[in-house]
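The first residue in the sequence is number 1, and the count goes up from there. Quantities reported herein were computed from a predicted structural model and do not represent experimental measurements.
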Amino acid sequence: MIELYTCPPEGATVVCADELGPVIPRTFPPAPGWSPDGHRTKSEVDYGRGPEKTWVYGALRVRDGHELTMTASSRNSAFYQQFLQKVEAANPVGDIYVVTDNLSSHNSLSTRTWLEDHPRIRHVFIPVGACWLNLQEGWWRIFRKAALAGQSFAGPPEIEQATRLATSQLNARARPWIWGRPAPPTRLVRRRYVYVV
C-alpha cells in the first residue's frame with residue numbers, strides 16, 4: 001500500500017478516504033458576567049446537544065493535496081456511494097485507488113455491487129489497527145483546527161458551511177502529501193577553538 005504513495009501506477013489517482021464524526025450541534029449560553037457588587041454571578045451550566053448528528057466524508061488526493069468533503073446525516077453505504085460518485089466526478093481520467101479502512105459500509109454488498117458498475121474505482125483497505133497508514137487522518141487533524149475547534153454549531157447547516165469554508169481555505173494552500181519523514185537538515189560545523197592556559 002505504501003507503494004501507492006511513493007510510486008503510484010501510471011495515469012492513476014491515489015485518494016485517501018475516511019469519515020469524521022459524528023459532529024454534533026452544541027449550544028452554550030453566553031458567559032456569565034459580574035454582579036453589581038463586584039462578584040461573579042453563579043449560574044447553572046446550561047448545555048444543549050441536538051439530536052442531529054453530522055458525519056463529514058473526506059477524500060485527500062495525495063499528488064496535489066486537494067481535499068473533497070461532503071457532509072451527511074449518517075454513515076452508511078448509501079452516503080458512502082454518493083461520496084464515491086463525487087470522488088469519481090472530481091477525477092475524470094484514469095483509475096482511482098481509494099485507500100480506506102474496513103468499515104462495514106465500505107465493504108457491504110450494496111457497495112460492492114455499486115463498484116461493479118464503476119470499474120475505475122479500486123479499494124485498497126488498510127490493515128485493522130493501522131489507521132496511521134491513511135493520510136486522510138493527518139488532514140483531519142488540520143481540518144479540526146480550521147473548522148471545528150472552539151466552535152458552537154446550532155445545527156447541521158452550520159456544520160456544512162464550516163466544512164465547505166475550511167475545505168476551500170485549506171485547498172487554496174494545498175501541497176502534495178509525501179509519505180515518510182523528510183531528511184534531517186544538514187548541520188553547519190561550528191568552529192572549534194582551542195584555548196591555551
- Nearest heavy-atom contact between Leu4 and Val14 is O-CG2, 3.5 Å
- Is there a donor-acceptor contact under 3.5 Å linking the side chains of Gln81 and Ser110? yes
- Message: With a 3.5 Å distance limit and no angle check, can you tell me whether Arg120 reaches the backbone of Gly94 through a side-chain donor-acceptor pair?
- Response: yes
- Item | Glu88 side chain vs Leu84 backbone, donor-acceptor pair below 3.5 Å | no
- Using the six-membered ring wherever Trp is involved, compare the ring planes of Trp140 and Phe143 and label them parallel, tilted or perpendicular (cut-offs 30° and 60°). perpendicular
- Is there a donor-acceptor pair closer than 3.5 Å between any side-chain N or O of Tyr5 and the backbone N or O of Val62? no
- Item | Spatial distance of atom CG (Leu68) from atom NZ (Lys86) [nearest 0.5 Å] | 7.0 Å
- If you round to the nearest 0.5 Å, how far is CD of Glu137 from SG of Cys16? 10.0 Å
- Task: Using modelled atom types only, decide if a donor and an acceptor are shared between the side chain of Asn134 and the backbone of Asp101 within a distance under 3.5 Å.
- Result: no
- Message: Any heavy-atom pair between the side chains of Ser74 and Phe79 that's under 4.5 Å?
- Response: yes
- Item | Minimum-distance pair of heavy atoms, taken over all atoms of Trp177 and Gly138 | CH2-C, 3.7 Å
- Looking at Leu135, Ile96, Val99, Ile121, which one forms a side-chain contact (heavy atoms from CB on, under 4.5 Å) with Val15? Ile96
- Query: If you measure from CE on Met70 to CD on Gln85, what distance do you get to the nearest 0.5 Å?
  - Reply: 9.5 Å
- Donor-acceptor pair, Glu67 side chain versus Thr167 backbone, under 3.5 Å? no
- Query: Where the side chain of Ser73 meets the backbone of Thr54, is there a donor-acceptor pair that is under 3.5 Å apart?
  - Reply: no
- Between Thr163 and Thr69, is any side-chain donor less than 3.5 angstrom from a side-chain acceptor? no
- For Arg63 and Thr13, test the side chains for any donor-to-acceptor distance below 3.5 angstrom and give the result as yes or no. yes
- Query: Looking only at atom types and distance, does a side-chain atom of His106 sit under 3.5 Å from a main-chain N or O of Thr100, one as donor and one as acceptor?
  - Reply: no
- Centroid separation His123 to Tyr80 less than 6.0 Å: yes
- One should read off an interatomic distance between Ser77 OG and Arg112 CZ, to the nearest 0.5 angstrom, of 10.0 Å
- Task: Please round to the nearest 0.5 Å and tell me the distance separating atom CD of Glu19 and atom OG of Ser105.
- Result: 5.5 Å
- Item | Side-chain donor or acceptor of Asn102 paired with backbone N/O of Ile126 under 3.5 Å | yes
- Looking only at heavy atoms, which two atoms of Gly65 and Ala174 are closest? And how far apart? O-CB, 3.4 Å
- If the plane angle is over 60° it's perpendicular, under 30° parallel, otherwise tilted; pick one for Tyr57 and Phe83. tilted
- Task: Please check if atom CD in Glu158 has more than 12 non-hydrogen atoms from other residues, nucleotides or ligands closer than 6.0 Å.
- Result: yes
- Taking atom CZ of Arg75 and atom CG of Leu20, what is their separation to the nearest 0.5 Å? 10.0 Å
